[in-house]
Participant: 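Just passing along the structure, written as structure tokens.
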Amino acid sequence: MQPALAMNNITKSFPGVQALQDVDFTVHAGEIHALLGANGAGKSTLMKILSGAYTPDAGTIALDGQEITIHSPLDALRHGIVCIYQEVDTALVGNLSVAENIYMDHMSRKGSGWLRWGRLKRDAEAVLQQLGAQIPVTLQVDELSISQKQLVLIARAIVQQTRVVIFDEPTAPLSSEEAARLFAVMRQLRDDGVACIFISHRLPEVFDICDRITVMRDGEVVSVQATSDTSISDTIKDMLGRAFEEEFPKLRVPIGKELLRVENLHSGQKVREVSFTLREGEILGIAGLVGAGKTELSRVMFGVDRAEQGSIRMHGRGHRFTEPFQAIREGIVLVPEERRKQGILVDESVRDNLTAPSMKKFTRAGFLQPQLETEHADRIVSQLGVKTPHVQQKVGHLSGGNQQKVVVGKWLPTQAEVYLFDEPTKGIDIGAKSDMFKLIGELAEQGKGIIYFSSELSEILGIADRILVMCDGRIVKQLTREEATQDAIMYYASGGTEEL
Amino acid sequence: MNKNRLLDLTFKYGAIVVIVGVFLFFSITEEHFLSYGNITDILRSIAIVTFIAIGVTISQIVDGFDLSVGSTASLATVVAAALMVWYEQPLYIVLIVPVLLGACIGMLNSLLIVRIRIPDLLATLAMMYIIAGVQKTFTQGYSIYSQMLMPDGEKAPGTFRDSFLWIGQGEIAGVPVPVLLLIVTVAVVHILLHYTRWGRQMYMTGGNREAARLSGIKVNRIRLVAYVLSGALAGFAGVLYAARVGSGQIDAGAPLLMESVAAVFVGYSVFGAGKPNVIGTFFGAVLIGILLNGLTMMNLPYYSHDIVKGTILVLALSITFIHLSRRKA
């Protein structure tokens, strides 16, 4: 059978990274095909090539055996390839009606320039009815829920006689009823002969709805199988491949008394009923896929975002911080995920960054004492091994790893007791990574409590004494260092609920 | 490569070269330009606008914008005048109340911007009109002068005190009092901004509010302080205006907004600072003062002054933004 979509030998590299290597990917008309892979496996890159956001270095794309070229998102649309992105709002015009959004592409390219409102509404209603969606077509798109907006996008795909629809993590923001409704629509599209590509981190739903599964890892396809021929645990093995590429020695530190207790913390959709404790000298790993709510949890704990419910107990009192300085006063500090945007002040010097949270210590009668600051900064720089010509250097000019050391270093004089690290190794090289692990180990040795948020499972397994797995804003599983494996974490992080 | 160097040099020394160039040009072409009297005249004429511009500099440092400073100065002018002429208040009340009023307006601005999160330009644009309206309503559209005729036919009881006028018109050892006040204020603000914790926190807040907040800096309080200072300085500029002209002119501060913003942006490129700074702002105001003074000597009519000021602002903005976008690239 001729596949509806055939991508052959697709290769793509970015400076320093081989993102895709000879990838073959085929989808038949009338099937729902899952594309799976851990973070950085290359599935987003592949889909961006298909939807015209990137151009491949090599390889061909064919629709129904006919080779096509896609140089822009418009090319992809013309060939009937539509992507339903997770951020539905970027594809819709919020202050126009549902009907106008559904026929947006028609309005922008053909016709006399006059709108025929009556026909537009009737046609839009017919399409939505076909999808079983009850959405008034005259409503403004802004007033719809996310799941309704997805349906509008799907309706828009239908009126364009779409051949291939990419669903990029569509269920992440949906409730289970909404997801079920979406699946019904997807099945209907499949039965109408559309080739559907489904990307999701939630394996149970993948196995529920998909006909075939392609698994990618490190920019290559590792397996293509019919769903009925494989299992969740085999799929997880394919996604992870060989375990531990990097080994980091873990310092064994005696674990002391309780430092912090999080009770029933709740904030928006991404932090739900989170409770746990942290002890002196303990490194607690919080594992989860991208979007599981790890960053949100760290922000709520540090007072960057507000908690709606729950509290953070420290020093025998419950707190709900609304500003970071309150968390710092209680001894909680954060090394945030977006280093350049949130961690450092890129235009300021190494010295000024290092003293920013503790300026009072370097102030006499209101005046800053530059030489006290410089002495302090010199000390921290040599203690952490920050590579910089001098402490007056702008932090923006340092490498990622050295910037990260500055972010940690600025907290050292504050006598913080709890350190939150959110994806601290993102974008730093292997040497700096091992320095970072050593530093975290030393902090634990001094009796600090460490919470390490990461989607890099090998890092969590390497460093943590205890691991909490997050999925959809909840802590779904607690694992000790001894019982944790990559497979187990991946299983719970992707929505698995049974005991392994 | 050559082009880049040229642009760098332009950014670093452009403003200073222009100031010196303009100064030399007028010194040569106008025989009365280069005299002690005229130089002090220029400095006296920029004193008021520079006080406002220092406020604008401070709000710019925290990455904010305060469009209401011109109207705040207007309000302060008529309030100072009214306190003397209508209510016969002692000197210290006449000096303090308008400044406090400016500080309150700054507080209100920061409430709108920091708490309610209205974009700064829009919030202060609305405030600019409200305050201008309050000022006109307060005086019922009249300017206030000594023993003015009141609407009920009586004469106003008070007059402008000499001690008050001395602040705007007096001299100490041949230097006008407003110029002395200005130089002292520029020096004090410069020291505050560059040698104290508050100043460092202001620059950090403006540089990256998110990162500053995540470093434990109380960014909301810093922004509040900046807007309050901006309002208070505009209030003092209004007092100075009343003392200089000896009456409470309505809408006195309105034209000062654009001039002060222009001074601040010229200041960005003085010595290549690349960020708002008071010394640069002072030189920016000097440039505008010299140009207007010299052009007036060349018989440029006063009603075309806005063209000159606007052009300076556009040029300063061009240099600043070309520099910023180049640095990003």
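Naming: A, B, ... by sequence-line order, numbering from 1 per chain.
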Participant: Is A:R299 salt-bridged to B:E210, cutoff N-O under 4.0 Å?
Facilitator: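 Here A:R299 pairs with B:E210 in a salt bridge, since their nearest N and O are under 4.0 Å apart.
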Participant: What do you reckon, is CZ of B:F283 surrounded by more than 12 foreign heavy atoms closer than 6.0 Å?
Facilitator: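 Open.
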Participant: CG of A:D347 to CE of B:M204: how many Å apart, nearest 0.5 Å?
Facilitator: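 It comes to 11.0 Å.
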Participant: Determine, for B:R221 against A:E323, whether the closest basic-nitrogen to carboxylate-oxygen distance falls under 4.0 angstrom.
Facilitator: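 No, B:R221 and A:E323 are not salt-bridged.
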Participant: If we define contacts as heavy-atom pairs under 4.5 Å, which of A:L345, A:L368, A:I344 has the most with chain B?
Facilitator: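 Of the options given, most contacts go to A:L368.
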Participant: Mind checking the CZ-CG spacing from A:F302 to B:L214? Nearest 0.5 Å is all I need.
Facilitator: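 That separation rounds to 6.0 Å.
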Participant: Would one find more than 12 heavy atoms of other residues, nucleotides or ligands at under 6.0 Å from atom NZ of A:K387?
Facilitator: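 Not buried by this count: 12 neighbours or fewer within 6.0 Å.
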Participant: Looking at B:K218, B:H194, B:R200, which has the largest count of heavy-atom pairs under 4.5 Å with chain A?
Facilitator: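 That would be B:R200.
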Participant: Nearest 0.5 angstrom please: B:Y195 OH to A:Q369 CD, how far?
Facilitator: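 These two atoms lie 12.5 Å from each other.
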Participant: Under the criterion side chain to side chain contact (heavy atoms under 4.5 Å, CB included), I'd like the reasoning laid out for B:Y203 against A:D352: C-alpha separation, chi angles, the key distance, then a yes or no.
Facilitator: CA-CA 11 Å; B:Y203 274 110; A:D352 291 2; over 6 Å; no
Participant: Answer yes or no: are there more than 12 heavy-atom neighbours, outside A:Q392 itself, under 6.0 Å from its atom CD?
Facilitator: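 It does: A:Q392 CD has more than 12 such atoms within range.
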Participant: Do the side chain of B:N208 and the main chain of A:K341 share a donor and acceptor less than 3.5 angstrom apart?
Facilitator: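 A pair under 3.5 Å: yes.
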Participant: Between B:R213 (side chain only) and A:V304 (backbone N and O only), is there a donor and an acceptor less than 3.5 Å apart?
Facilitator: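 Such a contact is found between B:R213 side chain and A:V304 backbone.
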Participant: Counting only heavy atoms from other residues, nucleotides and ligands, does the tally under 6.0 Å from OH of B:Y13 exceed 12?
Facilitator: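 Counting neighbours around OH of B:Y13, 12 or fewer heavy atoms of other residues, nucleotides or ligands fall under 6.0 Å, so no.
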Participant: So how far is it from A:W411 CH2 to B:S215 OG, rounded to the nearest 0.5 Å?
Facilitator: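 The CH2 atom of A:W411 sits 5.0 Å away from the OG atom of B:S215.
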Participant: Among A:K410, A:M359, A:E348, single out the residue with the greatest number of heavy-atom pairs under 4.5 Å to chain B.
Facilitator: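 Heavy-atom pairs under 4.5 Å are most numerous for A:M359.
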Participant: Is chain B contacted by the side chain of A:S358, its backbone, both, or neither, given a heavy-atom distance below 4.5 Å?
Facilitator: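 It is neither, since no heavy atom gets under 4.5 Å.
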